[in-house]
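Encoded as structure tokens, the structure appears first; notes follow it.
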Amino acid sequence: YMKAMLPEKRGDSQAAEALLRKACTAMPESFDAHVQLGQLLVKASRNAEALPFLQQALEIASRATQGILGGEESLAGLRETVERLKTAAK
């Protein structure tokens, strides 16, 4: 997923998206790849496409932080974004 950051910084969101999609497929448990792709799609106003990636990121993070003090609070912002996108998709 790190390779996708350079094209994004250069403004090449299509290349960044392609690399992030590959990263999500190759590393289905990568929080970073899923959240970065979701955020890239939200920036492009492609909320319906972003939602599954952000939901997957939330699931990955929830599993990773289970039982860690403060883990749930740190996911609040991501949960809020996912809920906002779900509501907007209706």
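Keep in mind that the numbers below use all heavy atoms, side chains included, and drop hydrogens, waters and symmetry copies.
Qualifying salt bridge (charged side-chain N to carboxylate O under 4.0 Å, His left out) partners for E59, counting only residues two or more places apart in sequence or in other chains: none. With sequence neighbours excluded, no residue forms a salt bridge (charged side-chain N to carboxylate O under 4.0 Å, His left out) with K22. For E80, there are no salt bridge (charged side-chain N to carboxylate O under 4.0 Å, His left out) partners two or more places apart in sequence or in a different chain. Under the rule for a salt bridge (charged side-chain N to carboxylate O under 4.0 Å, His left out), the partners of R21 that lie at least two apart in sequence or sit in another chain are E17, E49.
For the side-chain contact (heavy atoms from CB on, under 4.5 Å) criterion with T81, the lone passing option out of L58, L54, V35 is L54. Partner of F53 under the side-chain contact (heavy atoms from CB on, under 4.5 Å) criterion, chosen from L41, L40, L20: L41.
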*asked:* Evaluate S62 against R79 for side chain to side chain contact (heavy atoms under 4.5 Å, CB included), listing each step before the verdict.
replied: CA-CA 10 Å; S62 292; R79 274 200 183 86; 3.4 Å; yes
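Here the shortest heavy-atom pairing between H34 and I60 reads ND1-CD1, 3.9 Å. Here the closest heavy-atom approach between residue L85 and residue A50 is recorded as CD1-CB, 4.4 Å. Contact record, A57 with F31: O-CD1, 3.2 Å, taken as the closest heavy-atom pair.
Under the 4.5 Å side-chain criterion, counting only non-hydrogen atoms from C-beta, V42 is in contact with N47.
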